[in-house]
Number of protein chains: 2
Amino acid sequence: MKYTVLRAVALSSAATLAVLPLAVGVAQAPAEIVAAAPRSAWTPIPADSLLVMDLAPNRAGKKRQIVIQLMPAPFAAGHIVNIKALARSHWWDGTSVNRVQDNYVVQWGDATEKKALPKDLVRVADSEYVVAAGALPADAGPGAPSGKGATAAASIAGTITPAAPDGWHDRDSYAPWVAVHAGWPIASDRNSVWPVHCYGMVGVGRDLSPDTGTGAELYVVIGQAPRQLDRNIALVGRVIAGIEHLSALPRGTGALGFYKTAAERTPIRSVRLASEIPAAARPRFEYLSDHSVEFARYVAARANRKDAFYARPAGAIDICNIVPPVRVVAN
Amino acid sequence: MKYTVLRAVALSSAATLAVLPLAVGVAQAPAEIVAAAPRSAWTPIPADSLLVMDLAPNRAGKKRQIVIQLMPAPFAAGHIVNIKALARSHWWDGTSVNRVQDNYVVQWGDATEKKALPKDLVRVADSEYVVAAGALPADAGPGAPSGKGATAAASIAGTITPAAPDGWHDRDSYAPWVAVHAGWPIASDRNSVWPVHCYGMVGVGRDLSPDTGTGAELYVVIGQAPRQLDRNIALVGRVIAGIEHLSALPRGTGALGFYKTAAERTPIRSVRLASEIPAAARPRFEYLSDHSVEFARYVAARANRKDAFYARPAGAIDICNIVPPVRVVAN
């Protein structure tokens, strides 16, 4: 009774992995599988796909750095061109976090709504919210979620495959089919593929349709996946480090969580592409490849917790509960 | 471009409802439906089902009050007996919030793990994590989610009904069937019914199974629904006011989000049942009844956003995105 659930699990985690084979009866926890994954299971994230945002230090003078991984082509290609241009022009420097709505989003950008944008931003069509199923590169690796990599790849590249008996891909509340592809949570129907709004995903604020936003106003999900936004707004990436500097900010008390006063806003010192930061100071990350056997085991373990704490495995998983683990690479 | 999505929606919300009938082509937003619901659609929450938790004031000296609605019988009956006993004995006064793990839970109780518990607490069996399908009172009201109230009631009381063509009840990732029952998000299979881990739901920390916890250590979900915990741990209620006083606390930097130092913990001043607070000072709440036509319309609107911002209705909903709205009743 004194130790709470997860505290007890923590005490038995990484350190015991090597001496606790699966056959013993207490299965590995997802975090143990990740901790034990070999280097080859990890895929580096390119420096020009990382957006590094520094907020003003907190009250205690501590640094607050957030790192966002941008999606690879063909997803959100137009918006990502804009976002890179905005970062290169240092456009976000001096802007602020303006909105924090509990169980929904944190949003940042120019609170004055008067700051001139770079002239070369592209206007993005809302058709870019989805990608044609055939446009996605086939994702054929040595392994994949639930061991169905080849099937998943075929599905993404072509038509949707019927549900496998033990598959989780077709048990989504919102889409006919879901998967993790090249590190990203995606959904699909027969014709198209789109990224989904999970906790930590970053999207582009916009005005009423057909406006799609420029990419200057961004938000991150900090609550239950607002999947109703899928295909209605552009997703461009996800926060892979420092989300607590956004998710733990005071909630705004104005409509939709906007701060009522300028004093409540958190200043943004700078936003840079990691590729523009000197190599020695550059943050580096890698994600657990969805082609790896370890990722397949991670998904299976998340869906069927048999480690010490769990008495009743769910036998199921939600796409937003298996967004790939990310870790820091030492410089 | 200047107004972001939801800001534009806010400007057109409640105030314009009366002059914007559905026939105009821009459908009501969920919040507009809730704002227009008549008094008869709201169900009062009994004062002895409300747990009122006062944290120490924040840095600015502002009050931080959290209100938790406890689940009605037959759910979690044993734990709720304990929780009421703990509140009546003022057991939580002087304890603290000890753990904040991003995208997971905030947890509170006795950090010393040495405080004596009231002697009359009951020991709860883990069989109480679920309720036999037949044990739940039939929930036959004048209306219900998607207009399928009678079907839902029959399902809960007996066997699971086959999916209705336009139903959302059978599109859950984790359970054969989900619904809102008497104000609570629940899941069900042929034999049993159980509450589900949505954002804001409150559960009972425990040690390894078969321990089920006493109810003295509680947590609230502050991220993507950790549905793998369903049927593995007791859910006892949900936070209906003041969740921002917990969800926006600094994340703990120890294992599992526990604070490393006592200074980081947030003191709990008092926890009381609302029924023990003098009537004039007692907080009062009501929820939008799942029997009401307005709740059915709310669910339909959440599943098919056709208000100004949305270009592509999802045609689907997750159980955790339709936890019933709650509002304050003026004293």
Side-chain angles (χ1 to χ4, degrees), chain A residues 1-8 10 100 102-103 107 109 113 126 168 171-175 198-200 205-211 213-214 217 219 223-228 230-233 243-244 247-251 255-256 258 302 305 308-312 314 316-321, chain B residues 1-8 10 100 102-103 107 109 113 126 168 171-175 198-200 205-211 213-214 217 219 223-228 230-233 243-244 247-251 255-256 258 302 305 308-312 314 316-321:
Chain A
M1 181 178 62
K2 293 304 186 184
Y3 281 119
T4 52
V5 175
L6 300 142
R7 194 183 309 200
V100 185
D102 198 71
N103 190 19
Q107 189 170 318
E113 300 188 339
D126 61 7
W168 52 272
R171 287 184 64 182
D172 184 62
S173 297
Y174 286 87
C198 295
Y199 193 100
R206 64 162 169 87
D207 201 345
L208 295 184
S209 183
D211 179 55
T214 58
E217 187 91 6
Y219 64 88
Q224 174 67 19
R227 298 280 306 277
Q228 73 278 6
D230 293 355
R231 294 186 285 180
N232 276 289
I233 194 162
I243 194 167
E244 67 277 13
S247 59
L249 287 174
R251 278 48 183 156
L256 303 169
F258 279 93
R302 290 277 292 167
R305 296 291 295 257
F309 177 68
Y310 287 82
R312 187 162 193 162
I317 195 71
D318 180 275
I319 181 68
C320 289
N321 276 322
Chain B
M1 179 179 64
K2 293 305 185 183
Y3 281 119
T4 52
V5 175
L6 300 143
R7 194 183 309 200
V100 185
D102 197 71
N103 191 18
Q107 189 170 320
E113 301 188 340
D126 61 9
W168 52 272
R171 287 183 63 181
D172 185 62
S173 297
Y174 286 87
C198 295
Y199 193 99
R206 66 163 169 86
D207 202 345
L208 294 184
S209 183
D211 180 55
T214 58
E217 187 90 8
Y219 65 87
Q224 175 67 20
R227 296 281 306 276
Q228 72 278 6
D230 294 355
R231 294 186 284 180
N232 277 288
I233 194 163
I243 195 167
E244 67 278 12
S247 59
L249 287 174
R251 277 47 182 156
L256 304 170
F258 279 93
R302 291 277 292 167
R305 296 292 295 256
F309 177 67
Y310 287 82
R312 186 161 193 161
I317 194 72
D318 181 274
I319 181 68
C320 289
N321 276 322

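Please read all numbers here as calculations on a predicted model, not as lab measurements. Chain A is the first sequence line, chain B the second, and so forth, proteins listed ahead of strands; every chain is numbered from 1.
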Who wins among [options] for the most heavy-atom pairs under 4.5 Å with chain A?
options                                : value
B/Pro226, B/Ala225, B/Pro250, B/Gly223 : B/Ala225
B/Ser247, B/Cys320, B/Ala311           : B/Ser247
B/Ile317, B/Asp126, B/Asp230, B/Leu249 : B/Ile317

For residues [X] and [Y], report the shortest heavy-atom separation together with the two atoms involved.
X        : Y        : result
B/Ser173 : A/Arg171 : OG-O, 2.7 Å
B/Ile233 : A/Phe309 : CD1-CZ, 3.9 Å
A/Glu244 : B/Asp102 : CA-OD1, 4.3 Å

Show the numbers, then the answer: is there a side chain to side chain contact (heavy atoms under 4.5 Å, CB included) between B/Ser209 and A/Arg312? CA-CA 10 Å; B/Ser209 183; A/Arg312 187 162 193 162; over 6 Å; no
A/Asn232 side chain to B/Ala314 main-chain N or O, any donor-acceptor pair under 3.5 Å?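 No, the answer is negative, given that no donor and acceptor are paired below the 3.5 Å cut-off.
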Under the side chain to side chain contact (heavy atoms under 4.5 Å, CB included) criterion, do A/Asp318 and B/Arg227 qualify, and how do the steps go? CA-CA 8 Å; A/Asp318 180 275; B/Arg227 296 281 306 276; over 6 Å; no
How many angstroms lie between atom OH of A/Tyr310 and atom CG of B/Leu208, to the nearest 0.5 angstrom?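 Answer for the OH-CG pair, A/Tyr310 versus B/Leu208, is 11.5 Å.
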Tell me, side chain or backbone of A/Ile319 under 4.5 Å from chain B's heavy atoms, or both, or neither? neither
